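Chain letters run A, B, ... following the sequence lines, proteins first and then strands; every chain starts at 1. Everything numeric here is computed off the predicted structure, so don't read it as measured data.
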2 protein chains.
Amino acid sequence: MYSIKKVSELTDIPIVTIRAWEKRYQIVTPLRTGGGHRLYSETDIETLKWIKDQMERNQLKISEAVFQLKNKSGEALADTGSQSESGSGSSYPDLGERLYRELTALDSAQAHRTIDLAFSLNDFEDVFHRLLAPVLYRIGDAWESGLITVAQEHFASQLVMERFNQFHRILPVQAHLPLAMAFCPEGEHHHMGLMLFSLFMRRKGLDVVYLGPNTPLAGLTRLIKMRRVSIVAASVSDPPLLAALETWIETCRTEHPGLAFVLGGQAFRDCPPSLADYARSGDPAEWEAWFRSTVLPLRYRDLGM
Amino acid sequence: MYSIKKVSELTDIPIVTIRAWEKRYQIVTPLRTGGGHRLYSETDIETLKWIKDQMERNQLKISEAVFQLKNKSGEALADTGSQSESGSGSSYPDLGERLYRELTALDSAQAHRTIDLAFSLNDFEDVFHRLLAPVLYRIGDAWESGLITVAQEHFASQLVMERFNQFHRILPVQAHLPLAMAFCPEGEHHHMGLMLFSLFMRRKGLDVVYLGPNTPLAGLTRLIKMRRVSIVAASVSDPPLLAALETWIETCRTEHPGLAFVLGGQAFRDCPPSLADYARSGDPAEWEAWFRSTVLPLRYRDLGM
DNA sequence: AAAATACTATACATAATCTATACAAAATTG
DNA sequence: CAATTTTGTATAGATTATGTATAGTATTTT
């Protein structure tokens, strides 16, 4: 980590200017010490150098260079930062507090910046487990207790979904691993757990067809056949929905003998015996065990006709 | 994005003249920064160059050149070479064909490249209207008729959404303009039209809270109050969903007398009389008219209190 | 606890724009 | 040909963009 003076020397940009750029364009958002002094990362320095280079090379004004920078945001995820606003830190609780405020205020630009910051500081899966999921749960609770409206809840989950999809797509697939499919059965709208688990599978290199919440069971078997799905992951919170899922799995099992199932969610606390083998808790350690014991043996997905 | 000075240098047209042409003939309508400075795109520059060329080459007066320009707006503006063999070119049909292939093949890298190409050749809003929207509609149809799977459809719309979000975030906001909110009511999942309209509003410098498809109406009024929304945009395809929206708007209107509504989508072909004033077609020209007649008078968002 | 660094906020200065209006030469019209 | 319209430029006065400076306080280092 570098002090602002070091950065100024390294980039040859006056200290005042660096601060002005941060304040005016949020080019970088360095971490802060407990006392509020800026701590720059290598990435921050790269960004500043890049900006300066663009300005000199192409005769760009700072605003134009910034536009270029933000325009290529898809490539580097860890770029943009957030405003200094309320000197809160960058621990998960602080970020969570901040993100909750921004999401309920429907401020997507700020929320994205906060999430960017979190991703730049931590492992992405960690951010989902310890920042995004908790915030969404909190928002869900706030909604149920009438503190916020559906629309706020909706807005927040859309925004987080966006990030989920991004990772889901970007993470590399290892073709020799089997194909998984993830869904919540019809009636179940709560898919945070499913998202986390899918992300886990994707990180492991599994290709995952994410069908999301409220998926009708009808026609799923066709999809399984068509795409040669080997693993079916489902999540259910609402116990009454279990019965339908149970019979569907029963059918499925006879139709596709090799198929592996993983089940999760609150509904499985009191799990019917026929599904007990498939149920897993929300503990990532248990997921690892599942991966080793169930997925790896399936390796080398059958690719021949 | 280019400043007016850059454009003047690149096109060799005096700054004053560029502004005069804009004012008098709306040859180009550059974006504006938050402070009102003009931001020109590549396409804008091409247009200006084309105009100038026409005037010199054919001894045309500016008004005639403009007439030519608007006349051929439907065709391929890309005069940059007539390699229009078919199949591998960069006309909208060709790009669309290519993008469709890439999206259904789940090839995100290639698809992004194709989209980048389109953006580099054309005005960004045009790309959404004439490339991305048509391709997504086609994919939607293919899905409904069983030609492709949910996963493919999902993948494609996600990828396009990503681009939409990017523009939505990057386009400058003009603080003196009112705040808009955009949604499709619960049950409506088809939000391409809403996206296009939101993009239009964003280009005009309006700040837009995008709630997206399937938004529950409950609690929306609270948000309108909280964020001081002045414009509510909604899109509906499915006629049965209109009734609920109609009553909601009724309530809303009494609660927030100053609120402006804009409605769009297939469902309004047969529009209930109470909403007829608010309904707009999908024609961008009509949007422009709406903007001038409805939004501009709302200018100077109330910031006090 | 000094000395060295940094922080925030405010203030300037200069360049680049903005809008609105004015004006003159060229083209068009009656 | 005189009157009008079209078109390119110019100017005034206000605003925005951007780099830099300073004051007063706080933090970190030695």
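- Here D126(B) pairs with R130(B) under the salt bridge (charged side-chain N to carboxylate O under 4.0 Å, His left out) rule; sequence neighbours left out.
- Evaluation of the side-chain contact (heavy atoms from CB on, under 4.5 Å) rule for V7(B) yields Y2(B), T11(B), I18(B), Y40(B), I45(B), L48(B) as partners, not counting sequence neighbours.
- With sequence neighbours excluded, no residue forms a side-chain contact (heavy atoms from CB on, under 4.5 Å) with A105(A).
- One axis for each end of the helix from dA1(C)-dT30(D) to dG30(C)-dC1(D), each built from five base pairs, and the angle between them comes to 20° at 10° resolution.
- Under the side-chain contact (heavy atoms from CB on, under 4.5 Å) criterion, E162(A) pairs with H112(A), N165(B), sequence neighbours left out.
- Within the structure, every pair that satisfies the salt bridge (Lys or Arg N to Asp or Glu O under 4.0 Å) test and touches residues 46-56 of chain A, not counting sequence neighbours, is listed here: D12(A)-K52(A), K52(A)-E56(A), D53(A)-R57(A).
- When the salt bridge (charged side-chain N to carboxylate O under 4.0 Å, His left out) test is applied to R202(B), no partner is found at least two apart in sequence or on another chain.
- The separation between E22(A) atom CD and dG19(D) atom P is 15 Å, rounded to whole Å.
- For E97(A), the side-chain contact (heavy atoms from CB on, under 4.5 Å) criterion is met by R101(A), R138(A), not counting sequence neighbours.
- For E64(A), the salt bridge (charged side-chain N to carboxylate O under 4.0 Å, His left out) test picks out K6(B), with sequence neighbours left out.
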Reading nucleotides 25-30 of chain D 5' to 3', which nucleotides get B (base under 4.0 Å from a protein heavy atom), which S (sugar-phosphate only), which -? --SS--
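- Rounded to an integer number of Å, the gap from Q59(B) CD to dT7(D) P is 15 Å.
- Residues meeting the side chain to side chain donor-acceptor pair (under 3.5 Å) test with R222(B), sequence neighbours left out: none.
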What string of B, S and - do you get for nucleotides 23-30 of chain C 5' to 3' if you count protein non-hydrogen atoms under 4.0 Å? ----SS--
